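This report refers to the structure that appears directly beneath it.
Every chain is numbered from 1 and lettered A, B, ... according to where its sequence line falls, protein lines coming before strand lines. These figures come from a predicted structure and were not determined experimentally.
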Number of protein chains: 2
Amino acid sequence: MLKLSKKTEYALMAVKFIAKKTDGNSVTAKEISDGYNIPYDLLSKVLQQLTKKKVIKSFQGIKGGYSLSKDPNSVTLIDIIRAVEPNYQITECIKDGSTEKDCTHFNCCMIRDPLAKVQKEIDKLFRSLTIHQIL
Amino acid sequence: MLKLSKKTEYALMAVKFIAKKTDGNSVTAKEISDGYNIPYDLLSKVLQQLTKKKVIKSFQGIKGGYSLSKDPNSVTLIDIIRAVEPNYQITECIKDGSTEKDCTHFNCCMIRDPLAKVQKEIDKLFRSLTIHQIL
DNA sequence: GTTTAATAAGACTAATTTAGTCCTATTTCA
DNA sequence: TGAAATAGGACTAAATTAGTCTTATTAAAC
């Protein structure tokens, strides 16, 4: 597969929407949901996850909403993906703390190290792309 | 997600297994399946897909099996992934030939081009890694 | 020629993951 | 206190992946 889930798509769209709003006001989930035709509930959760990871900040209450919490040049693709994709490692066994036991194949390590290298390269790529660059 | 499926894992393990066999004889699916604890039927399909894409070559009949069809230096990770992952694009809408209609969100194009760029970078990475390098 | 052991391939089922929905609580401004 | 926003847990539906089963085809060996 290697696909990014809808959550990442929605996160990118949301961040772009929020970034475009330059009048100082925050943006509500409903505005984004309506504007981009994204399911409201799902989008809400994505926004909450982005908030937890400090990619955006939220304001509660009736005048609430979301705004960027950082300079678009200092937020990278990896921040967004990590906020939203529960396990984005290209394979299970290269997670931190995983041991031989977690591997179904006792010979798994034959490809484990190589794949870890590939993962590092992907990380590097995602870390090099700021949302200012790509959106 | 961004995970590679088991098929890619099995493909890499199989290619490594075949590459290690240097006595000129071909390797059977059963040998790989037994050696690495991979479900035989699933592995068979992976091997068939690799054969179709000329990553390996097959010999039918009772003395049959598989062997590499190319120099390990000239086969890259992208060859293996493309042989085995039906759609490995990081998102739907950047497939060749997909139009606005294929996109659920009429504003999808807001992230389409950026994601296409990311895809290109990933492709570049996978194309630069030969199986000789990583296995 | 028949047997045997291999690849080739389609159809199907089970398991897992993703996508989406529903409901309730909490916050804060008017 | 009411209205409209975020926060978040539980649940269902849909899609994808993983694995199984079955049959056909191929080619060496007897």
Side-chain angles (χ1 to χ4, degrees), chain A residues 1-11 13-14 18 25-34 36-67 69 81 83-92 104-105, chain B residues 1-11 13-14 18 25-34 36-67 69 81 83-92 104-105:
Chain A
M1 31 153 144
L2 203 81
K3 248 184 303 190
L4 293 167
S5 75
K6 293 284 179 195
K7 280 176 145 194
T8 299
E9 285 184 36
Y10 297 161
M13 292 165 87
I18 296 168
N25 291 322
S26 62
V27 177
T28 68
K30 192 167 186 310
E31 286 178 89
I32 304 172
S33 162
D34 288 350
Y36 287 168
N37 241 13
I38 301 172
Y40 174 81
D41 288 307
L42 194 47
L43 175 66
S44 292
K45 243 159 250 171
V46 168
L47 291 168
Q48 286 165 29
Q49 289 174 306
L50 289 172
T51 304
K52 267 191 185 169
K53 291 296 173 69
K54 306 272 172 65
V55 172
I56 56 180
K57 58 186 168 188
S58 71
F59 306 96
Q60 286 194 320
I62 197 168
K63 280 275 195 177
Y66 299 92
S67 64
S69 64
I81 291 174
V84 143
E85 306 279 353
N87 51 347
Y88 102 106
Q89 305 284 355
I90 59 168
T91 183
E92 280 302 313
T104 345
H105 315 96
Chain B
M1 31 153 143
L2 202 81
K3 248 183 301 190
L4 293 168
S5 74
K6 293 281 179 197
K7 280 176 146 194
T8 298
E9 285 183 35
Y10 296 160
M13 292 164 87
I18 296 167
N25 291 323
S26 61
V27 177
T28 68
K30 190 162 188 314
E31 285 178 90
I32 304 172
S33 162
D34 288 349
Y36 287 168
N37 241 14
I38 301 172
Y40 174 82
D41 288 306
L42 193 48
L43 175 67
S44 292
K45 243 162 249 170
V46 168
L47 290 167
Q48 285 165 30
Q49 289 173 308
L50 289 172
T51 303
K52 268 191 184 169
K53 292 296 171 70
K54 309 270 172 65
V55 172
I56 56 179
K57 58 186 169 187
S58 70
F59 305 95
Q60 287 194 321
I62 196 166
K63 280 274 196 178
Y66 299 92
S67 64
S69 63
I81 292 175
V84 143
E85 305 279 351
N87 51 346
Y88 102 106
Q89 303 286 355
I90 58 167
T91 183
E92 279 302 313
T104 344
H105 314 96

d([atom1], [X]; [atom2], [N]) in whole Å:
X: Gln48(A); N: dG20(C); atom1: CD; atom2: C1'; value: 15 Å
X: Tyr66(B); N: dA27(D); atom1: OH; atom2: P; value: 13 Å
X: Lys6(A); N: dT16(D); atom1: NZ; atom2: C1'; value: 14 Å
X: Leu43(A); N: dA5(D); atom1: CG; atom2: C1'; value: 13 Å
X: Lys7(B); N: dA18(D); atom1: NZ; atom2: P; value: 8 Å
X: Leu2(A); N: dT17(D); atom1: CG; atom2: C1'; value: 15 Å
X: Leu47(B); N: dT26(D); atom1: CG; atom2: P; value: 19 Å
X: Gln49(A); N: dA19(C); atom1: CD; atom2: P; value: 12 Å

Let's see if you can work this out: which of [options] has an atom nearest to the side-chain heavy atoms of [X]?
X: Thr28(A); options: dA7(D), dT20(D), dA5(D); result: dA5(D)
X: Tyr10(B); options: dT6(D), dG19(D), dT16(D); result: dG19(D)
X: Asp41(A); options: dT21(C), dG19(D), dT7(C); result: dT21(C)
X: Leu42(B); options: dT20(D), dC22(C), dA9(C); result: dT20(D)

Assess whether one donor atom and one acceptor atom, taken from the side chain of Lys45(B) and the base of dT7(C), lie less than 3.5 Å apart.
->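 Check fails, no donor-acceptor contact within cut-off.
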With rounding to the nearest 0.5 Å, note down the distance linking [atom1] in [X] to [atom2] in [Y].
X: Leu47(B); Y: Ile32(B); atom1: CG; atom2: CD1; answer: 5.0 Å
X: Leu42(A); Y: Lys6(A); atom1: CG; atom2: NZ; answer: 10.0 Å
X: Ile90(B); Y: Leu4(A); atom1: CD1; atom2: CG; answer: 5.0 Å
X: Leu43(B); Y: Gln48(B); atom1: CG; atom2: CD; answer: 9.5 Å
X: Tyr88(B); Y: Leu2(B); atom1: OH; atom2: CG; answer: 11.0 Å

Between [N] and [X], is there an OP1 or OP2 to side-chain N/O distance shorter than 4.0 Å?
X: Ser5(A); N: dA19(C); result: yes
X: Ser58(B); N: dA8(C); result: yes
X: Tyr40(B); N: dA6(C); result: no

Pairing residues for Thr28(A) by the side chain to side chain donor-acceptor pair (under 3.5 Å) criterion, not counting sequence neighbours =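 For Thr28(A), the residues satisfying side chain to side chain donor-acceptor pair (under 3.5 Å) (neighbours in sequence not counted) are Glu31(A).
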With Lys53(B), which residues qualify under side chain to side chain donor-acceptor pair (under 3.5 Å), at least two apart?
->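 Residues passing side chain to side chain donor-acceptor pair (under 3.5 Å) with Lys53(B): none at all.
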Base, backbone or nothing for each nucleotide of nucleotides 25-30 of chain C, written B, S, -, heavy atoms under 4.0 angstrom, 5' to 3'?
-> --BBB-
Looking across every strand, which nucleic acid part, if any, lies under 4.0 Å from Lys57(A) by heavy atom: base, sugar-phosphate, or nothing?
->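 Result for Lys57(A) = nothing.
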